[in-house]
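Everything below concerns the one structure shown next.
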Number of protein chains: 2
Amino acid sequence: MALVNPTQPQAVTTADKVFEQIQHAIVEGHIPAGSKISEPGLAKQFEISRSTLREALNRLEKCHLVERKANVGSRVVDCSIEGLLEIYVVREALEGMACRQAAENMSEQEIAELKSVLAQHAKSQDLKDGVSYYQEEGDLDFHYKVIVGSHNQQLINILCGQLYHLVRMYRIQFGMNSPRATRAFDEHLHIVEAIADRDGELAEILMRRHIAASRKNIEKKIALQSAHSSTEDN
Amino acid sequence: MALVNPTQPQAVTTADKVFEQIQHAIVEGHIPAGSKISEPGLAKQFEISRSTLREALNRLEKCHLVERKANVGSRVVDCSIEGLLEIYVVREALEGMACRQAAENMSEQEIAELKSVLAQHAKSQDLKDGVSYYQEEGDLDFHYKVIVGSHNQQLINILCGQLYHLVRMYRIQFGMNSPRATRAFDEHLHIVEAIADRDGELAEILMRRHIAASRKNIEKKIALQSAHSSTEDN
DNA sequence: CTTAAATAAATTGTCGACAATATTAATGGC
DNA sequence: GCCATTAATATTGTCGACAATTTATTTAAG
């Protein structure tokens with residue numbers, strides 16, 4: 001069930017396993033965003049040495065979940081609204097290009113698989129009109145398959161290896177149970193069509209608009225929230 | 001003179017310094033691409049412990065200059081033609097978006113600085129019609145300033161922190177003394193115009209075409225090379 | 001009482017050694 | 001003579017300890 005990352009092969013070493021555990025804890029918010037990380041503390045908590053923990057921290061740094069300053073220490077990244085919007089901008093550019101390349105490079109079998117993913121979403125569509133969690137997973141799954149379909153190792157690395165978990169972190173911590181579920185699904189359909197037609201240019205445009213729409217949706221939401229809180233302040 | 005990376009602050013720790021030295025050695029080809037890295041060997045060579053070396057290797061991994069496999073070891077990345085083209089695709093997407101954001105977000109002063117950089121290039125333009133090395137540096141410098149001008153931390157991180165040295169590595173190892181010097185300069189001029197006009201859409205298109213042109217130029221070169229070598233094979 | 005300097009505590013960076021795994025060399029069977 | 005298995009070697013992963021630096025506390029001065 002868990003999305004296996006092609007860029008990060010099976011965890012074998014203990015540092016790998018601890019990395020995954022901490023990663024999960026950060027993404028889910030069990031280790032709060034922006035908090036300082038105590039190397040001796042975490043090492044003791046996981047019953048490993050500091051060297052091993054530092055190895056894990058290095059990998060967390062690679063996917064931008066923690067930041068380190070020399071002689072000072074590590075902190076979990078801060079979840080700011082600006083940061084979230086920045087990531088969406090990057091995604092718009094990269095996933096747009098990935099989608100273009102997917103249209104050019106995906107095999108017929110991959111396209112068939114992508115279609116079947118959407119078909120599955122469609123089936124469970126009606127019964128989950130309120131429950132959007134699965135749709136969240138489904139959305140990620142769709143995007144994931146398109147990215148891998150680009151067959152561009154650099155794109156896959158950056159999007160799946162580095163940004164993927166950061167995006168999940170933001171989604172969870174900002175509590176985004178996307179109200180765009182059905183519209184997003186329709187957009188997915190159109191994107192797949194463009195890919196199946198091998199129309200890279202259109203595929204890129206559609207994916208970019210799809211992500212830009214998400215971003216604008218968030219911006220609107222934020223604007224409402226701040227407007228609401230400012231009336232509360234009065 | 002040396003381009004200071006805003007994402008990687010001054011090296012203070014010995015691991016940082018060793019990292020920079022190895023980075024330089026890899027980019028310049030003193031440590032050959034694709035070669036295996038012996039931890040005990042390199043550690044002895046730099047007169048540091050393995051722990052410190054591994055710390056440096058982790059940073060090299062972050063900017064995609066070395067790859068590590070569990071229980072096997074580290075290798076310098078391979079410089080394949082496919083890899084080079086993949087990077088150009090990523091750059092086209094990211095720098096295009098960076099350019100759009102630069103048009104929206106750069107301060108007037110930053111734009112003035114960007115213009116002055118080009119003016120300097122123009123002055124030395126006539127005397128370096130054969131010598132393209134400076135143009136190389138100048139090209140990087142221009143792109144660098146645009147990226148930073150996007151004011152998007154994520155974009156800056158990925159492009160300046162991760163891809164920058166990889167691009168340099170490819171340029172040096174494939175011996176690219178861009179024969180597009182004067183045309184590239186003209187394209188830079190048009191890009192700056194678009195930025196100064198705050199026309200993000202045009203700025204993105206121009207930057208994408210600028211990078212795509214470089215990519216196609218390389219593709220053409222490669223095609224010629226392989227055609228040449230195949231005739232040699234006969 | 002507030003501020004500055006000095007001291008103490010804690011944290012990070014670096015080191016060398018040992019354990020686990022992978023690679024190479026040697027041995028034996030066919 | 002060639003392939004599989006086993007032994008030997010080398011390399012990577014992990015550990016605990018010490019050095020260097022930062023942070024917190026205490027002390028002293030104004």
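Because the structure is predicted, anything quoted here is derived from the model rather than measured. Every chain is numbered from 1 and lettered A, B, ... according to where its sequence line falls, protein lines coming before strand lines.
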Rounding to 10 degrees, work out the angle separating the end axes of the helix from C/dC1-D/dG30 to C/dC30-D/dG1 (five pairs an end). 10°

Do A/Val89 and B/Met97 come close enough that some side-chain heavy atom pair is under 4.5 Å? yes

I need the minimum non-hydrogen distance between B/Ala102 and B/Val146, along with the two atoms involved. CB-O, 3.7 Å

Euclidean distance, atom CD1 of residue B/Ile37 to atom P of D/dT11 [Å, nearest integer]: 14 Å

Could you walk me through whether B/His24 and B/His30 satisfy the side-chain hydrogen bond (donor to acceptor under 3.5 Å, both in side chains) test, starting with their C-alpha distance in whole Å, then the side-chain angles of each, then the deciding distance to 0.1 Å, before giving a yes or no? CA-CA 8 Å; B/His24 187 267; B/His30 302 140; 4.8 Å; no

Determine whether A/Leu94 and B/Leu94 make a side-chain contact, defined as any pair of heavy atoms from C-beta on separated by less than 4.5 Å. yes

Please list, in numerical order, the residues of residues 64-74 of chain A that have a heavy atom closer than 4.0 Å to any atom of DNA chain C. A/Arg68, A/Ala70, A/Asn71, A/Val72, A/Gly73

Taking only side-chain nitrogens and oxygens of B/Lys44, does any of them come within less than 4.0 Å of OP1 or OP2 of D/dT11? no

Could you give me the CA-CA distance, side-chain angles and deciding distance for A/His188 and A/His143, then say whether ring pair (Phe, Tyr, Trp, His ring centres under 6.0 Å) is met? CA-CA 9 Å; A/His188 287 181; A/His143 285 258; 5.4 Å; yes

Between protein and nucleotides 14-17 of chain C, what N or O pairs are separated by less than 3.5 Å?
| from | atom 1 | to | atom 2 | distance (Å) |
| --- | --- | --- | --- | --- |
| C/dT14 | OP1 | B/Thr13 | OG1 | 2.2 |
| C/dT14 | OP1 | B/Thr14 | N | 2.7 |
| C/dT14 | OP1 | B/Thr14 | OG1 | 2.3 |
| C/dT14 | OP1 | B/Ala15 | N | 3.3 |
| C/dT14 | OP2 | B/Thr13 | OG1 | 3.0 |
| C/dC15 | OP2 | B/Ser49 | N | 2.9 |
| C/dC15 | OP2 | B/Ser49 | OG | 3.2 |
| C/dC15 | OP2 | B/Thr52 | OG1 | 2.5 |
| C/dC15 | N4 | B/Ser51 | OG | 3.2 |
| C/dG16 | O6 | B/Ser51 | OG | 3.4 |

Please report, rounded to the nearest Å, how far the P atom of D/dT11 is from the CZ atom of B/Arg75. 14 Å

Presence of salt bridge, A/Arg215 and A/Glu92, under 4.0 angstrom: yes

Separation between CD (A/Glu20) and NE2 (A/His165), nearest 0.5 Å, reads 8.0 Å

